[in-house]
Amino acid sequence: MNRSFILKGNIFHTPEPDRLAVRENAHVVCEDGVCRGVFDIIPERYGVLPVIDCGDKMILPGMVDLHIHAPQFAYRGTGMDYELIEWLDNIAFPEEALYADADYALRAYTQFADRMRASATTRAAIFGTVHAASTLILMDRMENSGLVSYVGKVNMDRDAPPALIEDPAEGVGADTRWFIEESERRGYRHTKPIITPRFVPSCTDALMEALGEIRAEYDLPVQSHLSENPIEIELVRQLVPRAAFYGDAYDRFGLFGRGSNTVMAHCVYSAPPEVERMKRNGVWVAHCPSSNMNIASGVAPVRRYMDEGLRIGLGTDVAGGTSESMFRAVTDAIQVSKLYWRYIDLDAKPLTFPEALYLATKGGGSFFGKVGSFEEGYAFDALVLDDSAESTPRPLPVRSRLERAFYLGLDRDGLVMKFVDGERVF
Ligand code: GUN
Ligand code: FE
């Protein structure tokens with residue numbers, strides 16, 4: 001499709017965390033997949049572009065999911081009566097072991113990618129499993145989905161069932177190299193590999209060292225988990241006594257920012273030295289409120305991180321998180337921040353709706369470049385949302401309509417168009 005056009009309707013975006021820009025009956029211009037801004041009247045230079053009139057519908061930037069596990073999608077909404085380590089042993093690992101079977105992987109990843117396509121998510125950072133061949137199947141499915149994504153072959157070589165432990169006899173990191181090279185050979189346009197140590201408890205120093213070398217050699221981004229749960233953090237202390245703090249155990253191997261885009265999920269318990277290092281190294285936080293509730297990890301101090309100037313986005317963390325819905329992640333983030341404020345820190349003001357929307361768009365979008373806003377020069381990732389089926393006798397201002405669409409989960413039935421880099425997904 002031609003990637004130059006204009007959408008007309010009620011346009012929203014968050015150029016700054018505390019500013020929801022609302023333009024009713026306005027135009028947002030896409031030229032060669034790049035946003036040229038929002039205008040009340042179409043500038044003459046864009047006069048030749050076709051206009052898609054969305055009427056009274058709402059137009060907003062696509063959502064960025066900074067942390068999701070594709071192989072866990074199959075059991076989402078089940079197995080929630082555990083904390084992290086028990087949940088991994090009893091729920092996540094047994095399911096992930098099934099992905100040694102390519103037929104199972106194809107079926108499961110097709111369902112996952114179909115749902116991602118239909119969702120409000122336009123970009124995502126995704127975990128596969130340890131299996132390189134199955135994770136390539138995931139990449140194929142994601143490439144077809146129309147989303148832009150990073151997909152990681154998970155690395156783990158200790159403290160898991162034998163079926164999920166990498167075989168060092170093949171050379172530490174050898175299958176990760178194969179995965180990267182094979183994914184590059186396939187020439188995907190929207191789907192790129194990302195270095196993915198599962199978390200420190202799953203990775204020996206030898207594996208971390210190999211991943212650090214591979215990361216530098218191929219110049220790839222990194223994703224992992226950090227300071228999610230007290231038992232996990234104590235485990236890291238015992239396993240890597242030399243590390244000054246959890247994040248230092250990644251940083252020692254060149255897997256914690258400093259030139260490479262790195263996103264760490266959770267950061268519920270990051271103490272000031274870890275926060276300071278993340279800030280200095282430019283590490284992104286993927287805040288995953290649904291997961292943090294379900295497996296009882298706690299509430300991340302997002303207000304403090306925002307005040308400190310950390311880079312932050314939102315993740316669904318399916319299937320610690322219940323749902324792939326980023327609309328739900330936005331409202332969950334607001335709701336848990338209210339409990340944090342009320343029960344833990346009266347100085348940590350709750351997140352507002354514009355702030356949470358910012359995290360889900362421009363905040364997480366920055367991991368992918370100029371993404372998540374309708375400012376000039378940003379990638380044109382957009383959603384068109386129809387809320388008319390959810391009727392109300394009271395005429396609502398458009399800003400309230402947008403907020404309501406998030407709280408009522410209208411991303412499930414109300415999305416009528418989705419664009420990524422100016423390409424129409426549906
Ligand atoms: N830490 C290590 N692996 C996982 C996982 O699969 N989910 C979550 N939430 N945390 C983890
Ligand atoms: Fe996770």
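Remember, it's 1-based here, ligands and their atoms both numbered in the order they're listed.
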Shortest non-hydrogen contact from [X] to [Y]?
X	Y	value
Ala249	Val200	CB-CG2, 3.9 Å
Tyr269	Gly298	OH-CA, 4.0 Å
Pro273	Phe245	O-CZ, 3.7 Å

Exercise. Please state which protein non-hydrogen atom is closest to atom 3 (N) of ligand 1 and give its distance, to 0.1 Å?
Worked result: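 Residue, atom and distance for the closest contact: Arg198 NE, 2.8 Å.
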Problem set entry | Minimum-distance protein heavy atom relative to atom 9 (N) of ligand 1 | Asp317 OD2, 2.8 Å
Problem set entry | Mode of Glu232 contact toward ligand 1 - side chain, backbone, both, neither (heavy atoms, under 4.0 Å) | neither
Exercise. Does any non-hydrogen side-chain atom of Ser270 lie less than 4.5 Å from one of Met264?
Worked result: no
Exercise. So with a 6.0 Å cut-off around CG of Asp167, is the heavy-atom count from everything else above 12?
Worked result: yes
Exercise. Near Phe199, which atoms of ligand 1 are under 4.0 Å from a heavy atom of that residue?
Worked result: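 Matching atoms, with element in brackets: 1 (N), 2 (C).
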Problem set entry | Minimum-distance atom from the Fe ion (ligand 2) among N, O or S atoms of Asp317 |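 In Asp317, the N, O or S atom with the shortest distance to the Fe ion (ligand 2) is OD1.
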Exercise. Counting N and O atoms only, with roles assigned by atom type, does the side chain of Arg117 sit under 3.5 Å from a partner on the main chain of Ser145, one being a donor and the other an acceptor?
Worked result: yes
Just distances here: any N/O of [X] and N/O of ligand 1 closer than 3.5 Å?
X	answer
Glu96	no
Trp87	no
Glu228	yes

For this session: Would you tell me whether Thr352 and Asp18 have side-chain atoms, one donor and one acceptor, within less than 3.5 Å of each other?
Result: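 No.
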For this session: Kindly confirm whether the Fe ion (ligand 2) is within less than 2.8 Å of some N/O/S atom in His266?
Result: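 So His266 does not count as coordinating the Fe ion (ligand 2).
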Exercise. The Fe ion (ligand 2) to Glu228: any N/O/S contact under 2.8 Å?
Worked result: no
Exercise. Given atoms NE2 of His67 and NE2 of His225, what angle do they subtend at the Fe ion (ligand 2), to the nearest 10 degrees?
Worked result: 90°
For this session: Give a yes or no on whether the ring-centroid distance for His266 and Phe199 is below 6.0 angstrom.
Result: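 That pair fails the under 6.0 Å test.
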Exercise. Salt bridge or not for Arg189 and Glu423, using N-O below 4.0 Å?
Worked result: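 Result for this pair is yes, salt bridge flagged.
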For this session: Please confirm whether Ser291 comes under 4.0 Å of ligand 1, counting heavy atoms of the residue only.
Result: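 Contact present.
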For this session: Determine whether any heavy atom of Gln72 lies closer than 4.0 Å to an atom of ligand 1.
Result: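 Yes, that is the case, since the closest heavy atom of the residue is under 4.0 Å from the ligand.
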